[in-house]
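Working notes for the structure below.
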Amino acid sequence: MLAAYSGTAVRAAEKSLLDAGLGGHLMALAAYGLANAVLHRLDQAYGSRAVILVGSGNNGGDALYAGEVLARRGVAVSAVLMAERWHEPGLAALQSVGGRVFRLVEDRVEALAAAWSADVVIDGILGTGARGGLRGLAAELVAQLRGHPGVVACDLPSGLHPDTGETDGPVLDAVETVTFGAIKAGLLLPPGEAAAGEISLIDLDLDLPRPDLQRLDQLDLAEFWPRPGATDHKYSRGVLGVVAGSAQYPGAAQLAVGGALAAGVGMVRYLGPAPMPPEVVAGASAIAANRVQAWLVGPGVADDPVQEQRSYAAITSGLPVVVDAGALALLPEAVGADTVLTPHAGELAALLSRRGQRTERSDVEREPLRYTGLAVELTGATVLLKGATTVVVSPSGAVYSQAEATPWLATAGSGDTLAGMLAALLASGVQSALAAAMAASVHGQAGVLASGGGPIAASDIAGAVPRVLSELLS
Ligand SMILES: NC(=O)C1=CN([C@@H]2O[C@H](COP(=O)(O)OP(=O)(O)OC[C@H]3O[C@@H](n4cnc5c(N)ncnc54)[C@H](O)[C@@H]3O)[C@@H](O)[C@H]2O)[C@@H](O)CC1
Ligand SMILES: Nc1ncnc2c1ncn2[C@@H]1O[C@H](COP(=O)(O)OP(=O)(O)O)[C@@H](O)[C@H]1O
Ligand SMILES: [K+]
């Protein structure tokens with residue numbers, strides 16, 4: 001499990017060490033870690049060139065001391081002082097080993113040329129002490145360096161919000177971010193995550209609280225994915241009820257049920273008009289008459305009054321329920337954490353707007369964590385926001401982000417399959433936020449496996465799920 005923290009949490013954890021006079025020690029650890037990461041990227045130190053973009057705070061200090069280490073190893077190092085102030089001992093250390101210095105206000109053209117001809121650019125402008133994004137000349141230089149292939153970010157890409165991943169102004173895309181003490185949550189959240197590149201953590205032995213965000217890995221999935229024991233039978237594994245599809249959209253139901261079956265569930269009971277595979281028990285009885293452990297409602301139900309009525313009855317049944325697609329518009333005023341909403345950015349914006357918070361899709365894309373949290377607050381549900389990185393927020397405050405997906409998953413019906421997989425986990429008794437993160441991860445991995453780098457149809461995703469799971473669980 002990757003655990004990530006807000007900038008505030010990391011700074012609070014550092015405080016006792018700083019108070020004990022260990023600030024210099026921490027900075028030295030950070031600088032060595034950063035310098036080592038840069039050295040790993042260079043074919044050889046001697047003859048290579050590094051340019052450091054230096055901001056006014058300790059982030060610039062870390063980067064300057066890393067520059068000193070690199071210069072001692074034979075790298076030709078230049079510092080670009082981006083602000084009116086800088087970390088003076090750090091700069092003195094770099095200069096003592098022959099580092100060159102540019103000042104952005106005076107030497108813009110030279111600084112830009114030096115950065116473009118450098119093998120590595122270290123982004124040490126802003127770290128956890130940033131207020132807002134890059135402005136003025138610093139913003140201009142960074143915009144002109146866009147596309148540089150060798151950017152290594154010091155602690156986090158400058159201008160990326162450490163807690164939320166929001167960006168306000170230009171951010172330099174890094175191949176690697178060397179982060180100190182703990183992974184900052186913003187490095188694992190959209191839209192900023194895309195700028196972070198590979199993440200390396202330098203341990204500062206901080207005493208950290210509960211993480212602000214988690215990302216499941218293969219070991220977590222292997223631990224938490226339900227698998228039947230010798231004494232299990234179909235009812236003990238969990239029965240899922242599905243209200244999906246309509247005469248107009250039968251395919252949505254088939255994809256959702258396909259996702260549920262592929263994820264592993266004891267039985268699926270289906271209510272609706274779509275043709276079903278032989279293993280599914282189809283019926284038309286009242287919601288309450290169906291003995292199930294969880295419901296999935298919504299894929300393909302829009303504009304079918306019977307399916308909408310059933311969806312509403314399932315949502316208000318008191319059982320765990322996944323509310324997807326067309327059923328999102330049927331949500332009652334307040335629900336509980338066992339209700340999992342699975343909107344994409346457009347559907348989330350519409351849901352918030354219905355609740356009196358006028359929101360556009362672009363707002364959600366700019367600040368996905370914030371708006372997902374707002375939806376949790378306004379509904380009481382657990383919310384999974386779909387996208388290249390999937391974000392899950394639960395009313396308990398737990399936040400997950402999963403980024404296994406491939407853009408080839410952006411295909412019609414892909415979300416129906418995800419909803420089915422997630423609902424299968426709920427029917428098996430997995431806690432809702434964990435189930436949402438697990439489903440997003442395995443859905444993403446199945447998409448990658450099915451795609452193999454090329455296009456996929458949504459039905460290919462469910463086909464690949466058992467292979468992903470057998471690899472995980474064996
Ligand atoms: N506190 C410590 O001892 C440690 C700190 N570490 C480093 O210190 C960093 C935090 O250092 P600081 O607290 O000095 O903060 P930063 O270096 O992140 O930046 C704060 C400085 O930038 C200026 N600033 C803020 N927002 C700006 C904006 N939008 N545009 C231009 N200038 C802006 C501020 O006036 C201040 O001078 C971490 O990211 C990390 O790199 C690490 O060395 C580990 C230990
Ligand atoms: N650019 C992308 N990169 C990776 N995954 C994506 C991307 N766009 C969408 N996805 C994933 O594909 C699925 C699409 O779901 P959704 O938008 O609901 O499609 P549909 O409604 O057609 O089923 C989600 O799981 C989402 O996370
Ligand atoms: K930085």
Side-chain angles (χ1 to χ4, degrees), residues 7 10-11 13-15 17-18 22-31 33-34 53-63 65-66 82-87 90 122-139 151-160 162 168-169 171-172 174 177-182 184 190 202 204 206 251-252 255-256 259 298-300 324-326 342-347 384-391 402-419 421-422 439-440 443-444 446-448 451 458 461:
V10 176
R11 291 167 77 89
E14 280 169 359
K15 188 163 181 312
L17 299 173
L18 298 183
L22 292 171
H25 171 65
L26 293 184
M27 196 170 259
L29 287 176
L34 176 57
L53 309 180
V54 181
S56 58
N58 288 328
N59 193 252
D62 291 342
Y65 283 118
M82 307 289 282
E84 291 304 303
R85 289 178 296 121
W86 49 85
H87 192 278
I122 297 177
D123 171 6
I125 311 172
L126 293 173
T128 56
R131 291 178 308 272
L134 295 170
R135 308 258 176 271
L137 286 184
V151 177
V152 176
C154 173
D155 205 21
L156 68 155
S158 300
L160 188 157
D168 170 23
V171 173
L172 210 43
T177 294
V178 183
T179 197
F180 312 128
K184 314 304 176 293
I202 304 303
L204 299 181
L206 303 180
L255 289 165
D324 188 47
T342 53
H344 54 59
E347 289 167 336
L384 175 155
L385 173 65
K386 291 179 281 198
T389 294
T390 295
V391 177
Q402 299 296 143
E404 292 81 356
T406 157
W408 292 112
L409 274 168
T411 181
S414 164
D416 304 332
T417 310
L418 171 71
M421 295 171 63
L422 165 52
H443 178 262
V448 171
S451 154
I461 304 165

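As the structure lists them, so they are numbered: ligands from 1, and atoms in each ligand from 1. In this text the structure is predicted, and so the values were computed from the model without any measurement. Values below: every heavy atom of this structure, side chains too, minus hydrogens, waters and symmetry copies. If you read the sequence from its start, that first residue is 1, and numbering goes on from there.
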(message) I'd like to check whether Leu204 has a polar contact with ligand 1, where a contact means an N/O of the residue lying under 3.5 Å from an N/O of the ligand.
(response) no
(request) Work out the angle at the K ion (ligand 3) between OG of Ser158 and O of Leu156, rounded to 10°. (result) 100°
(request) Check each of Thr179, Leu134, Leu206, Asn59 against atom 9 (C) of ligand 1 and report the one with the nearest heavy atom. (result) Asn59
(message) Could you check whether atom 21 (O) of ligand 2 has a protein contact, counting only heavy atoms that fall below 4.0 angstrom?
(response) no
(request) From atom 11 (O) of ligand 1, work out which of Leu29, Asp62, Asn58 has a heavy atom at the shortest distance. (result) Asn58
(request) May I ask which of Gly57, Ser56, Gly55 has a heavy atom nearer to atom 22 (O) of ligand 1 than the others do? (result) Ser56
(message) As a check for students: among Arg11, Glu14, Glu84, Met82, identify the option with a heavy atom nearest to atom 45 (C) of ligand 1.
(response) Glu14
(request) If you have a sec, work out which protein heavy atom is nearest atom 3 (N) of ligand 2 and how many Å separate them, to one decimal? (result) Pro407 CA, 3.3 Å
(message) Can you tell me which portion of Thr411 lies within the under-4.0 Å heavy-atom range of ligand 2? Options are side chain, backbone, both, or neither.
(response) backbone
(request) Would you mind finding which of Ala138, Gly23, Gly127 brings a heavy atom closest to atom 18 (O) of ligand 1? (result) Gly127
(message) Does any N or O of ligand 2 fall below 3.5 Å from an N or O anywhere on Gly413, backbone included?
(response) yes
(message) With heavy-atom distances below 4.0 Å as the criterion, list the atoms of ligand 2 near Thr390.
(response) 27 (O)
(message) Taking N, O or S atoms only and a limit of 3.4 Å, check whether Leu126 reaches the K ion (ligand 3).
(response) yes
(request) Look at Asp123 and state whether any of its N, O or S atoms is less than 3.4 Å from the K ion (ligand 3). (result) yes
(request) Give the residue and atom name of whichever protein heavy atom lies nearest to atom 17 (O) of ligand 2, and the separation in Å to one decimal. (result) His344 CD2, 3.4 Å
